[in-house]
There are 2 protein chains.
Amino acid sequence: MADLNTSASKRNTWQKDAVRHALGEATGFVSAQQLHLVLRNHGSTIGLATVYRALADLASAGDADVLNSNDGELIYRACATGHHHHLICRSCGATVEIDASKVENWADAVAAEHGFTETSHTIEIFGTCSACHS
Amino acid sequence: MADLNTSASKRNTWQKDAVRHALGEATGFVSAQQLHLVLRNHGSTIGLATVYRALADLASAGDADVLNSNDGELIYRACATGHHHHLICRSCGATVEIDASKVENWADAVAAEHGFTETSHTIEIFGTCSACHS
DNA sequence: ACACTAATGAGAATCATTGTCAATAAACCA
DNA sequence: TGGTTTATTGACAATGATTCTCATTAGTGT
Ligand SMILES: [Zn+2]
Ligand SMILES: [Zn+2]
Ligand SMILES: [Zn+2]
Ligand SMILES: [Zn+2]
């Protein structure tokens, strides 16, 4: 997926790999701050700003999902597959990746109906998972 | 909609009315900061923190829609009708309220399928409206 | 009018994210 | 390989939205 990052004027650094790897290890969504902390605790000397930059790159390359947590913080998640959405447990944070082809079509149709082009959308479902029933 | 705010331990102040009214006057989504500025420009002496508090109340009472703009800012919009979603133009900000009963059902079904309860969701469609085609 | 206490507002405090810029090190070439 | 170019890094400052603090104000019911 995405491009192999050759030829382009982008350089490969251990920092980018470190972020990519740490994101892959993480379970669920993590913030840049959390990821930076993890990396530091593992002995890395990577800077916070770099983690932010690397995550932004991964996200815009489609290699990471982004969504804003309820307390105004961007959280990321490694993402191998293409476009999809999430079902997220409000209390434990467990996430399920869901395929929503029906809804994709619906969204595009609605947009087209109103003369909108270059459409995109945000769809997230929240709930309490079976393990979290008090 | 919602309750008339009687009996409850909530007090009626001109500040809350001012925010409610200003939000109603606004076209499209506005941030707390913008609303505060508008109110001040109209001679009000209302404080910024109060605008934040009033908007948060309106939102949690279901009288206002909230969504976070792409630059990490909460924006609000007066909302008389019940639960619904928006089709938003990326460049001019025009919004269309859309009914999404099909998707509502789909979302609930997907959640139930995975054993999730007390579900809610976020669905927003973005695009470029017909008037904004360069 | 009075007491009780929610609500307000000015400013400080938080805190995630972005900008700055000198130093570093990929990528490329001779 | 050694040298050149310049994307990238990282420490720190700066930004900016939102929240907190707390003394003061003003609804509400009596
Ligand atoms: Zn994903
Ligand atoms: Zn989709
Ligand atoms: Zn609405
Ligand atoms: Zn809905």
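From a predicted model like this one, the values you see are computed outputs, not experimental measurements. Chain letters run A, B, ... following the sequence lines, proteins first, then strands; residues in each count from 1.
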Checklist entry - Taking only residues two or more places apart in sequence, or in another chain, which ones meet B:Gln34 in a side-chain contact (heavy atoms from CB on, under 4.5 Å)? => result B:Val30, B:Ser31
Item to check | Contact under 4.0 Å: B:Ser9 side-chain N or O vs C:dA6 OP1/OP2 | outcome: no
Checklist entry - Between B:Arg20 and B:Glu25, is the closest basic N to carboxylate O distance under 4.0 Å? => result no
Next on the checklist: What I want to check is whether the side chains of B:Glu104 and B:His121 have a donor and an acceptor closer together than 3.5 Å.
Outcome noted: yes
Checklist entry - Between A:Asn12 (CG) and C:dT24 (C1'), how many Å, whole number? => result 16 Å
Checklist entry - With B:Asp17, which residues qualify under side chain to side chain donor-acceptor pair (under 3.5 Å), at least two apart? => result none
Next on the checklist: Rounded to whole Å, how long is the line connecting atom CG of B:Leu39 with atom P of C:dT8?
Outcome noted: 13 Å
Checklist entry - What is the bend of the helix from C:dA1-D:dT30 to C:dA30-D:dT1 when you compare the axis at one end with the axis at the other, using five pairs each and rounding to 10°? => result 40°
Next on the checklist: Side chain of A:Trp14, heavy atoms from C-beta onward: which of C:dA6, D:dG10, C:dT8 has the nearest atom to it?
Outcome noted: D:dG10
Item to check | Under 4.0 angstrom between B:Arg40 side-chain N/O and C:dA10 OP1 or OP2 | outcome: yes
Checklist outcome for this item: Whole-Å distance, A:His36 NE2 to D:dT9 P, equals 13 Å
Checklist outcome for this item: Its contact letters, B for base, S for sugar-phosphate only and - for none at protein heavy atoms under 4.0 Å, make nucleotides 16-21 of chain D read -SBBBB
Next on the checklist: Has B:Lys102 got a side-chain atom pairing as donor or acceptor with A:Trp106's backbone, closer than 3.5 angstrom?
Outcome noted: no
Under 3.5 Å, sequence neighbours excluded: what are the donor-acceptor pairs made by side chains of residues 42-59 of chain A?
{"residue": "A:Ser44", "atom": "OG", "partner": "A:Ile46", "partner atom": "N", "Å": "3.1"}
{"residue": "A:Tyr52", "atom": "OH", "partner": "A:Gln33", "partner atom": "NE2", "Å": "2.9"}

Item to check | Test log, rule side-chain contact (heavy atoms from CB on, under 4.5 Å), inputs B:Glu124 and B:Phe126 | outcome: CA-CA 7 Å; B:Glu124 303 292 344; B:Phe126 299 91; 3.7 Å; yes
Checklist entry - What integer distance in Å separates A:Leu35:CG from C:dT17:C1'? => result 15 Å
Checklist entry - Hey, what else clusters with A:Leu37 if you join Ile, Leu, Val, Met, Phe, Trp, Tyr whenever side-chain heavy atoms sit under 4.5 Å? => result none
Next on the checklist: Measure CD/B:Gln15 against C1'/D:dT24 and give the value in whole Å, please.
Outcome noted: 13 Å
For residues 107-114 of chain A, tabulate all N or O donor-acceptor pairs below 3.5 Å that involve a side-chain atom, not counting sequence neighbours.
{"residue": "A:Asp108", "atom": "OD1", "partner": "A:Thr119", "partner atom": "OG1", "Å": "3.1"}

Checklist entry - Just to confirm, is there a sub-4.0 Å distance from OP1 or OP2 of C:dA26 to any side-chain nitrogen or oxygen of A:Thr13? => result no
Checklist entry - Is any side-chain N or O of B:Lys10 closer than 4.0 Å to OP1 or OP2 of C:dA7? => result no
Checklist entry - Starting at CG of B:Leu55 and ending at C1' of C:dA7, how long is that distance when rounded to a whole Å? => result 15 Å
